[in-house]
2 protein chains.
Amino acid sequence: MARISVTDRRELLFAAAVRVLARDGLAALSTRAIVAEAGMSLASFHYAYGSREELLGDIVASVVGGEREAGLAGVLGDASSPEDAVRRALAAYLDLVRTDPGREQGMFELTQHALRTPTLARLATEQYQRYHEVAAELLDHLADRFDRRWDSPTADLARLVISLTDGLTLAWLADRDDAAAERLAALAADAVLTHLEDS
Amino acid sequence: MARISVTDRRELLFAAAVRVLARDGLAALSTRAIVAEAGMSLASFHYAYGSREELLGDIVASVVGGEREAGLAGVLGDASSPEDAVRRALAAYLDLVRTDPGREQGMFELTQHALRTPTLARLATEQYQRYHEVAAELLDHLADRFDRRWDSPTADLARLVISLTDGLTLAWLADRDDAAAERLAALAADAVLTHLEDS
DNA sequence: ACCGGACTGGGACGGTCGACCCAGTCCGGC
DNA sequence: GCCGGACTGGGTCGACCGTCCCAGTCCGGT
């Protein structure tokens with residue numbers, strides 16, 4: 001019998017849940033499936049987590065916390081121009097979706113579920129707030145670094161960026177058309193870059 | 001006891017299911033919830049439908065069939081320019097989402113579910129194909145009517161349009177920010193109209 | 001008028017779900 | 001060394017799920 005602290009167990013269950021969510025979807029994300037993935041007994045679940053919903057909340061919150069966009073920062077480091085940066089960022093995002101489709105799909109399922117669940121609805125709203133914040137910061141940073149400016153509030157452009165990435169993801173998840181997705185990523189980059197002016 | 005033919009019963013169950021899906025979400029779309037909404041007994045369900053999944057398939061297929069975009073055609077009739085038409089169409093779509101948010105959210109949930117279900121995955125793909133077709137036809141029609149042309153294949157631009165509407169919907173569903181959604185709709189229209197040239 | 005097939009409703013079956021209880025086992029601090 | 005609290009696993013509960021069965025009811029065609 002492996003004795004694990006509540007803290008560690010929560011992390012193990014959290015990680016197991018994320019794996020199950022990505023692999024099998026939200027509908028299959030039962031407490032039993034999670035503990036099986038984590039190699040624990042069912043009782044351990046409710047010892048570490050008060051309820052299944054609490055864990056789902058943790059997953060949504062982890063997005064809000066910001067572990068997700070870590071990868072994008074690196075892409076922008078070695079960009080030679082803001083045009084290059086935006087194009088690279090969108091291409092990198094597309095790669096991320098293609099590398100782990102289940103993960104993105106799982107996040108969509110989870111967000112939709114959260115929006116239907118009164119207890120979790122606030123978290124879903126915060127999740128999108130966070131998305132928009134991150135995108136806005138990115139745009140601001142870009143303009144700053146290359147001494148350019150955006151012709152619209154970055155808050156609005158950020159919303160455009162997130163809409164484009166969400167839409168890109170949904171379309172690719174539905175038809176898995178790589179070539180079309182790449183062309184769309186290019187169009188999306190253009191759509192954003194239209195609003196970039198000289199300073 | 002009301003005696004109803006199988007055909008009529010399927011339609012009644014279908015309509016009831018769509019209502020439940022919009023109001024309570026996919027997770028609550030059980031056979032019992034459907035027959036309760038339709039005012040039938042549980043056995044009637046499996047008399048009309050072989051399985052719950054068959055009904056879900058019907059709902060997705062109805063989108064493919066094209067009942068959804070009927071409203072958009074009217075909007076374009078009295079447009080004075082393609083710019084006007086695109087802006088109106090996106091505004092009308094946003095209104096549609098705001099009028100019946102549950103409906104759009106239900107469709108997202110259903111599409112995600114279909115993508116996870118081998119039997120239904122093909123339908124979800126066809127659903128997006130249909131979206132893209134409708135958008136492409138719309139763009140073609142617009143260019144034709146006003147004697148203009150698009151600087152990129154309408155198939156690609158259609159994908160951009162659908163991505164923008166999907167993204168717009170998801171963002172509004174998450175934060176219900178009307179003003180931001182309207183600004184985004186305007187940005188989205190610009191993004192598409194950038195590719196419109198004189199002929 | 002009646003009969004066979006279309007249709008109905010109630011009830012039941014096996015399964016999965018989230019949650020929980022409890023008797024036991026381990027280990028750190030005294 | 002021993003004891004109390006942290007931790008474990010197995011079993012169980014009630015609810016809900018999709019599906020099915022079956023005895024009954026109605027109606028159109030003959």
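Chain letters run A, B, ... following the sequence lines, proteins first and then strands; every chain starts at 1.
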Can you measure I4(A) atom CD1 to dG28(C) atom P for me and round it to whole angstrom units? 15 Å
Spacing of Y49(B) atom OH relative to dC20(D) atom P, expressed in whole Å: 17 Å
Rounded to whole angstroms, how far apart are CD on E53(A) and P on dA19(C)? 8 Å
Does this structure show an ion pair linking R98(B) with E182(B), if we count only N-O contacts that are shorter than 4.0 Å? yes
Please report, rounded to the nearest Å, how far the P atom of dT16(C) is from the CG atom of D24(A). 15 Å
Before accepting this row, confirm whether a basic side-chain N of the pair R87(B)/D190(B) lies closer than 4.0 Å to the acidic partner's carboxylate O. yes
In whole angstroms, how far is the P atom of dA19(C) from the CG atom of L56(A)? 10 Å
If you only use heavy atoms from C-beta on, which nucleotide in dT25(C), dT25(D), dC20(D) is closest to the side chain of A43(B)? dC20(D)
S30(B) side chain N/O closer than 4.0 Å to the phosphate oxygens (OP1, OP2) of dC17(D)? yes
Is it true that the side chains of T117(B) and E53(B) contain a donor and an acceptor less than 3.5 Å apart? no
Rounding to a whole Å, what distance do you find between H113(B):NE2 and dG18(D):C1'? 13 Å
Is it true that R10(A) and D58(A) have a side-chain N and a carboxylate O under 4.0 angstrom from each other? yes
Cation-pi, W172(B) ring and R176(B) (6.0 angstrom, 45 degrees): yes
Closest nucleotide of DNA chain D for R32(A) versus for Y47(A): which of these residues is on the 5' side? Y47(A)
Between dA19(C) and H46(A), is there an OP1 or OP2 to side-chain N/O distance shorter than 4.0 Å? yes
From CG of L29(B) over to P of dG18(D), roughly how many Å is that when rounded to an integer? 8 Å
Would one find a side-chain N or O of S44(A) under 4.0 angstrom from OP1 or OP2 of dG9(D)? yes
Check whether any side-chain nitrogen or oxygen of R52(B) sits under 4.0 Å from OP1 or OP2 of dG18(D), and answer yes or no. yes
Starting at atom CZ of R3(A), determine the distance to atom C1' of dG9(D), rounded to an integer number of angstrom. 12 Å
Below the 4.0 Å mark, does dC17(C) have OP1 or OP2 next to a side-chain nitrogen or oxygen of T31(A)? no
Which part of the nucleic acid, if any, lies within contact of L42(B), taking any heavy atom under 4.0 Å across all strands shown: a base, the sugar-phosphate backbone alone, or nothing? base
